[in-house]
Asker: 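I have a structure I would like to understand better, so I am pasting it below and will then ask my questions one at a time.
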Amino acid sequence: MDQVLLQQLQQLRQQLEDYSYQYYVLDKPTVPDAEYDRLYRELQQLEQLHPELISPDSPTQRVGAAPLTKFGQVSHSIPMLSLDNAFDDTEFTAFCKRMADRLDSSQDFSFCCEPKLDGLAVSIRYENGVLVQAATRGDGYTGEDITSNIKTIRAVPLKLKGDALPVVLEVRGEVFMPLAGFNAMNDKARAAGEKVFANPRNAAAGSLRQLDPKITAQRPLMFYAYAVGLVEDPAALLDSNSHYQRLMQLKAWGLPVCPEIRLVEGAQAALGYYQDILKRRSQLAYEIDGVVIKVSDLAQQQALGFVARAPRWAIAFKFPAQEMLTTLLDVEFQV
Ligand code: NAD
């Protein structure tokens, strides 16, 4: 056994675990995402060369980090996974080819293209149209109970609209802090000589994971739904045979869905969407770190399935990194 390689793997895993803990559990990242992504890639490539050395607790096999014990815990009946990344056109094209090969199909896909909102993933459970529980993603299997905090976000309906509502509906989406609210909050903190938030993602995570919902209520948080988790009595969703249609159904029930979401035909059109959003990135009211491109057809999604920690039918197509290490190191964080 190559001792040097083993040591290198161990070091990378430990480093990534430490960064994840600071990012997900403490809401205090110490390095920019691009640096985390670089090390993650390095580990992924080493593991691809030596698959026999992949351990089940490697960061490449896991989602997020364990939930904080100070919150009640919620287990997700359907795991909340992560997404694989593409960093350029070639990687995106390779993603499309892998899917076509797997389905043994020469046809192009219908893609649901969505901005990749930079916040944190939550699951909100409605029973007969009434909001009964909300949880963070946590490690994908167990999250934190943040029901009281979610209820303070005005965009989140406490009751869904319509008649034929499912008995149980889990809505998944992103809680984030729009830039206007983030800037106003930091200006106020600066004027009062208080600590500022490092970035909107950090501010959203710190605001949502407060033990006192009164603090969360004062923070300008927003929510966009982007997926459906568990549905009991799916009759209400029966007409939706595509991811895009499901999102439109969520919208009809009164859930906020990002207005930039588009259904496009084929890989070229999806690349066009990426370019268009990248161009307009600085004009959007919220921070995004890329776009998410999902095969929309639910039968194809099912046939493609999942691998380790992510679906095979979706990819996070990331934008080139913007942030600098100094922005993280210079600011004192508030949570
Ligand atoms: P990810 O952020 O790459 O992708 C999955 C997440 O995307 C989902 O959980 C969801 O929250 C979000 N998302 C936003 N819009 C979405 C949409 N329209 N549809 C579906 N999902 C959407 O993966 P991750 O596992 O959350 O985190 C990994 C990333 O976190 C890394 O790539 C890195 O950038 C960052 N990270 C940074 C540090 C650090 O120390 N700086 C540490 C750990 C992780």
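When a ligand or atom number is given, it counts from 1 through the structure's own listing order.
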Asker: Between Q73 and T142, is any side-chain donor less than 3.5 angstrom from a side-chain acceptor?
Answerer: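 T142 and Q73 do not have a side-chain donor-acceptor pair below 3.5 Å.
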
Asker: Give a yes or no on whether R154 atom CZ has more than 12 heavy-atom contacts from other residues, nucleotides or ligands under 6.0 Å away.
Answerer: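 Atom CZ in R154 is not crowded, with 12 or fewer foreign heavy atoms closer than 6.0 Å.
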
Asker: Going by distance alone, is a donor N or O of one side chain under 3.5 Å from an acceptor N or O of the other, for Q14 and D18?
Answerer: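 Side-chain D/A pair, Q14 to D18: present.
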
Asker: Side chain, backbone, both or neither: which part of Y19 has a heavy atom under 4.0 Å from ligand 1?
Answerer: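 The answer is both, backbone and side chain.
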
Asker: Go through ligand 1 atom by atom and flag the ones less than 4.0 Å from a non-hydrogen atom of A121.
Answerer: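 Reading through ligand 1 atom by atom, the close ones are 9 (O), 10 (C), 11 (O).
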
Asker: Given that the side chain starts at C-beta and the backbone is N, CA, C, O, which of these parts of P115 lies under 4.0 Å from ligand 1, counting heavy atoms, or is it both or neither?
Answerer: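 Near ligand 1, P115 shows its backbone, while the atoms from C-beta on stay back.
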
Asker: Looking at non-hydrogen atoms alone, which of Y224, Y40, Y21, Y23 comes nearest to atom 44 (C) of ligand 1?
Answerer: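 That would be Y23.
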
Asker: Report the C-alpha separation of R13 and E47 in whole Å, then their side-chain angles, then the decisive distance to 0.1 Å, and conclude whether the salt bridge (charged side-chain N to carboxylate O under 4.0 Å, His left out) test is met.
Answerer: CA-CA 11 Å; R13 285 174 185 156; E47 287 181 343; 2.8 Å; yes

Asker: Testing the basics here: between L221 and S207, what is the closest heavy-atom pair and its distance to 0.1 Å?
Answerer: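 Closest pair (atom of L221, atom of S207, distance): CD1-CB, 4.0 Å.
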
Asker: May I have the step-by-step check of salt bridge (charged side-chain N to carboxylate O under 4.0 Å, His left out) for D187 and R190, ending in yes or no?
Answerer: CA-CA 5 Å; D187 287 349; R190 232 174 259 120; 3.2 Å; yes

Asker: At under 4.0 Å between heavy atoms, is it the side chain or the backbone of Q22 that contacts ligand 1, or both, or neither?
Answerer: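 Near ligand 1, Q22 shows nothing, with every heavy atom at 4.0 Å or more.
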
Asker: Throw together a table of side-chain donor-acceptor distances under 3.5 angstrom for residues 62-69, partners on residues two or more places apart or in other chains.
Answerer:
{"from": "R62", "atom 1": "NH2", "to": "E17", "atom 2": "OE1", "distance (Å)": "3.0"}
{"from": "R62", "atom 1": "NH2", "to": "E17", "atom 2": "OE2", "distance (Å)": "3.1"}

Asker: With heavy-atom distances below 4.0 Å as the criterion, list the atoms of ligand 1 near R309.
Answerer: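 Atoms satisfying the 4.0 Å criterion: 25 (O).
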
Asker: Tell me which part of D37 gets within contact of ligand 1: side chain, backbone, both or neither, using heavy atoms under 4.0 Å.
Answerer: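 The side chain, only.
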
Asker: Is Y24 touching ligand 1 with its side chain, its backbone, both, or neither, if touching means heavy atoms under 4.0 Å apart?
Answerer: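 The answer is the side chain of Y24.
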
Asker: Drop me the distance from I215's CD1 to L208's CG, to the nearest 0.5 angstrom.
Answerer: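 The distance works out to 12.5 Å.
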
Asker: May I ask you to check if ligand 1 and T30 share an N or O to N or O distance below 3.5 Å?
Answerer: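 N/O-N/O distance under 3.5 Å: no.
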
Asker: I'd like to know whether ligand 1 has K294 as a neighbour, heavy-atom separation below 4.0 Å.
Answerer: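 Yes, that is the case, since the closest heavy atom of the residue is under 4.0 Å from the ligand.
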
Asker: When you measure from atom 25 (O) of ligand 1 to each heavy atom in P29, S82, A34, which option holds the nearest one?
Answerer: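 Result: the heavy atom closest to atom 25 (O) of ligand 1 is in S82.
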
Asker: Do any side-chain atoms of residues 99-106 form donor-acceptor pairs under 3.5 angstrom with protein atoms, and if so which ones, sequence neighbours left out?
Answerer:
{"from": "D101", "atom 1": "OD2", "to": "K97", "atom 2": "NZ", "distance (Å)": "2.8"}
{"from": "S105", "atom 1": "OG", "to": "Q107", "atom 2": "N", "distance (Å)": "3.0"}

Asker: What do you reckon, does Y36 have a nitrogen or oxygen under 3.5 Å from a nitrogen or oxygen of ligand 1?
Answerer: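 Between Y36 and ligand 1 (N or O atoms, distance only) the closest approach is not under 3.5 Å.
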
Asker: Report the part of N85 (side chain from C-beta onward, or backbone N, CA, C, O) that has a heavy atom under 4.0 Å from ligand 1; answer both or neither where that applies.
Answerer: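 N85 to ligand 1: side-chain contact only, backbone stays beyond 4.0 Å.
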
Asker: With a 4.0 Å heavy-atom cut-off (strictly under), which part of V292 contacts ligand 1: side chain, backbone, both or neither?
Answerer: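 The part of V292 near ligand 1 is the side chain, not the backbone.
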
Asker: For T147 versus A134, what's the shortest heavy-atom pair and its separation?
Answerer: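 Looking at all heavy atoms of both residues, the closest pair is OG1-N, 3.2 Å.
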
Asker: Between P32 and ligand 1, which part of the residue brings a heavy atom under 4.0 Å of the ligand: side chain, backbone, both or neither?
Answerer: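 The answer is the backbone.
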
Asker: Give a yes or no on this: more than 12 heavy atoms of other residues, nucleotides or ligands lie within 6.0 Å of atom CD of Q268.
Answerer: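 Count not over threshold, so no.
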
Asker: Can you sort out which atoms of ligand 1 are near E114, meaning under 4.0 Å from one of its heavy atoms?
Answerer: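 Matching atoms, with element in brackets: 17 (C), 18 (N), 19 (N).
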
Asker: Return yes or no for this condition: an N or O of G64 is under 3.5 Å from an N or O of ligand 1.
Answerer: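 Between G64 and ligand 1, no N or O pair is found under 3.5 Å apart.
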
Asker: Using a 4.0 Å cut-off to any heavy atom of V31, which atoms of ligand 1 qualify?
Answerer: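 It comes down to these atoms of ligand 1: 39 (C), 40 (O), 41 (N).
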
Asker: When you check the gap from the basic side-chain N to the acidic O, do E114 and K294 get nearer than 4.0 Å?
Answerer: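 Looking at K294 together with E114, the answer is yes, because their closest N to O distance falls below 4.0 Å.
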
Asker: Check for me whether K318 has a heavy atom closer than 4.0 Å to any atom of ligand 1.
Answerer: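 Contact check K318 vs ligand 1: positive.
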
